[in-house]
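Heads up: the structure comes next, in structure tokens.
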Amino acid sequence: MGLRLYNTLTRQKEPFEPIDADNVRMYVCGPTVYDFAHIGNARPVIVFDVLYRLLRHLYGADHVTYVRNITDVDDKINERAARDYPALPLNEAIGKVTQETAAQYHKDVAALGCLPPTHEPRATEHIAGMREIIERLVQTGFAYVAEGHVLFSPAAMDSAGGMIPRYGALANRSLDEMIAGARVDVAPYKREATDFVLWKPSKEDEPGWPSPCGIASLGRPGWHIECSAMSKHFLGETFDIHGGGIDLVFPHHENEVAQSCCAHRTARMANVFMHNGFLQVEGQKMSKSLGNFITIDELLSSTKFGGRRWSGEVLRLAMLKTHYRQPIDWTVKALEEAEGILDEWSEVTKGVAATTPSAALLDALSDDLNASMAIAELHRLRKQGDAPGLRAGMDLFGIQPIMPAVGELTEDERREIDQLVSANTAARAVKDYAKADEIRNMLNARKIILKVAKDGTTRWAMKP
RNA sequence: GGCCUCGUGGCGGAAUGGUUACGCAGCGGACUGCAAAUCCGUGUAUUCCGGUUCGAUUCCGGACGAGGCCUCCA
């Protein structure tokens, strides 16, 4: 069975046909680097990493180009920089914030088992490309200059006709509905309430670049234009897959489509748009005010969630247990269950070389990334004792075997435990059960459990 | 207010116009000095009310409930 993907553009699953099978091209919206990435941010990164691995498997590792940007120009960054480094000049402070946050992000997603994308461009490296698109949009009447701003006109897009899509086609809403919505920011320089900013003027202490369209003052780009510029640069005017969180459908992706299709006179920016569902924490929306806001780093290295640390592999498996388009409830219980499964898989696959992924596994993932069904197949492989097959499946998922909590013990502690376990085995061999039980209780008190196999060999593990 | 998504067992979570995967927990058994671990077996579910249909959990309408977008939050 070939790859089928759910396309937000058409609201249905479609067979995936790459524009060029020698170079399958995917763009995923990356982070705006102003703060630690939270666990909700991790979902698209993990989901599209699995898709990236699947595409590499299907089309060859050298035939997939994956671009995930870093947005390093944004007013939230400016605010954060001013707050955190009040003594520094703003631009210097911004540099510190974006460098530090990007480094933390790389650390986080690596711990989650995500491959680096083929290209990871920064918005500030592509200002010239943005200016070029903006110039073209103004020249062709899709955008206009007003008080140092450049604004895009969805109304102009809708009257353009030809192959250019209707504004709102992706989000499935009409311009009339949006005007009726009436919560659009109305600025005096806008011709229509639905017009959005492509470029805006910068104050002297704000980051600024030479403006397009003959605007004299320095300025900076609006939110959506960076993705249009960077995707064009690396993937061309039309590419295969564009991904991100479902909240990006509108306005972000809708506006990207508008900018790109109008600038390039194309029918589609990307053939397939994919969006992952939202994440809740213990049944509630994650928000700072509810106090359930949790970052990737906190899960990995603090005891804030569930009173303990979690490995990146466990976080990844927990994330993939739910289909990517469904809402996911992030709970301690779900992480514990994922860890239990991973412990079991790890035990049988440690040091085992992978074969190729089973056909059933590929079929499951090829059906719009049905990871739940794929995981069921991994359970089946384990049950059948097919360790190499299981390992191959785990590789496709990007999940490595873990060292159960044992990794947190020091070498000395582990040696001591090994000795106690040997003493327990020896005591049982001579039927000195009092002594054996005493040792076992002592180990249990230290959260060590003994696992005696049928052949008498004894292994041990940390209780979660 | 407008638009959209979702509602499956004790829990998590797939699939489907016709015996409802899989996992966790539970229960029973094997094994064990006793436990644990492991293995085998096993019960339980499609929110409610209408409609279409030989047949609906699936399709359509409504109710109730949860969530999202319309605010530069993935």
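Hydrogens, waters and symmetry mates play no part in the numbers below; they use all other heavy atoms, side chains included. Note on naming: letters A, B, ... go to the chains in the order of the sequence lines (proteins, then strands), and numbering restarts at 1 for each one. Only a predicted model underlies this, so the values are computations on that prediction, with no experimental measurement involved.
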Between [N] and [M], how far is it from one [atom1] atom to the other, in whole Å?
| N | M | atom1 | answer |
| --- | --- | --- | --- |
| B:C49 | B:U42 | P | 32 Å |
| B:U44 | B:A21 | P | 11 Å |
| B:A74 | B:A36 | P | 47 Å |
| B:G55 | B:U20 | C1' | 16 Å |
| B:G41 | B:C31 | C1' | 15 Å |
| B:A14 | B:U8 | P | 11 Å |
| B:U52 | B:U57 | P | 15 Å |

Let me spell it out: for each of A:Asn370 and A:Asn424, pick the nucleotide of RNA chain B with the closest heavy atom. Which residue's pick is nearer the 5' end? A:Asn370
For A:Met286 and for A:Gln280, locate the closest nucleotide of RNA chain B by heavy-atom distance; then report the residue assigned to the nucleotide nearer the 5' terminus. A:Gln280
Interface with RNA chain B, restricted to residues 240-251 of chain A and to heavy atoms under 4.0 Å: A:Gly244, A:Gly245, A:Asp247, A:Leu248, A:Phe250, A:Pro251
Sort out the partner of [N] for me: Watson-Crick or G-U wobble, both distances under 3.5 Å, none otherwise.
| N | result |
| --- | --- |
| B:U20 | none |
| B:A35 | none |
| B:A66 | B:U5 |
| B:G41 | B:C27 |
| B:C72 | none |
| B:G50 | B:C60 |

Are [X] and [Y] close enough for a salt bridge, meaning some N to O gap below 4.0 Å?
| X | Y | answer |
| --- | --- | --- |
| A:Asp418 | A:Arg414 | no |
| A:Lys200 | A:Glu147 | no |
| A:Arg220 | A:Asp75 | yes |
| A:Glu347 | A:Arg459 | yes |

Give one of base, sugar-phosphate or nothing for A:Lys333, where a contact means two heavy atoms less than 4.0 Å apart. sugar-phosphate
Can you tell me if A:Lys285 touches the phosphate of B:A66, counting only side-chain N or O atoms and a distance under 4.0 Å to OP1 or OP2? no
Verify the contact: side-chain N or O of A:Ser372 to OP1 or OP2 of B:C22, cut-off strictly under 4.0 Å; return yes or no. no
Any idea which of [options] is nearest the [X] side chain?
| X | options | result |
| --- | --- | --- |
| A:His379 | B:A74, B:C22, B:C11 | B:C22 |
| A:Ala436 | B:A74, B:C69, B:G33 | B:G33 |
| A:Ile341 | B:C72, B:G23, B:C69 | B:G23 |
| A:Met373 | B:C69, B:A15, B:G33 | B:A15 |

Would you state whether a donor and an acceptor, one from the side chain of A:Asp437 and one from the base of B:G33, lie under 3.5 Å apart? yes
Mark yes or no for a side-chain to base donor-acceptor pair under 3.5 Å between A:Arg440 and B:C34, with no hydrogen or angle criteria applied. yes
Reported CD1-to-CG distance for the pair A:Ile439 and A:Leu420, which is rounded to 0.5 angstrom: 6.5 Å
Within 6.0 Å of NZ in A:Lys321, more than 12 heavy atoms from elsewhere: yes
Distance flag, aromatic centroids of A:Trp223 and A:His252, threshold under 6.0 Å: yes
Has A:Phe278 got its ring stacked on the base of B:G68, with centres under 5.5 Å and planes less than 30° apart? no
Length of the line joining A:Arg325:CZ and B:C69:P, which is rounded to integer Å: 18 Å
B:U5 C1' sits how many Å from A:Arg11 CZ, rounded? 10 Å
On the ring face of [Y], is [X] found with NZ or CZ under 6.0 Å from the centre and within 45° of the axis?
| X | Y | value |
| --- | --- | --- |
| A:Arg191 | A:Tyr144 | yes |
| A:Arg325 | A:Tyr6 | yes |
| A:Arg68 | A:Tyr27 | no |

What protein N or O atoms touch nucleotides 36-38 of chain B N or O atoms at under 3.5 angstrom, if any, and at what distances?
unit_1 : atom_1 : unit_2   : atom_2 : d
B:A36  : N1     : A:Val452 : N      : 3.2
B:A36  : N1     : A:Val452 : O      : 2.8
B:A36  : N3     : A:Leu450 : O      : 3.2
B:A37  : N3     : A:Val452 : O      : 3.3

Regarding A:Asn424 and A:Ser422, do their side chains bring together a donor and an acceptor under 3.5 Å, going by distance alone? no
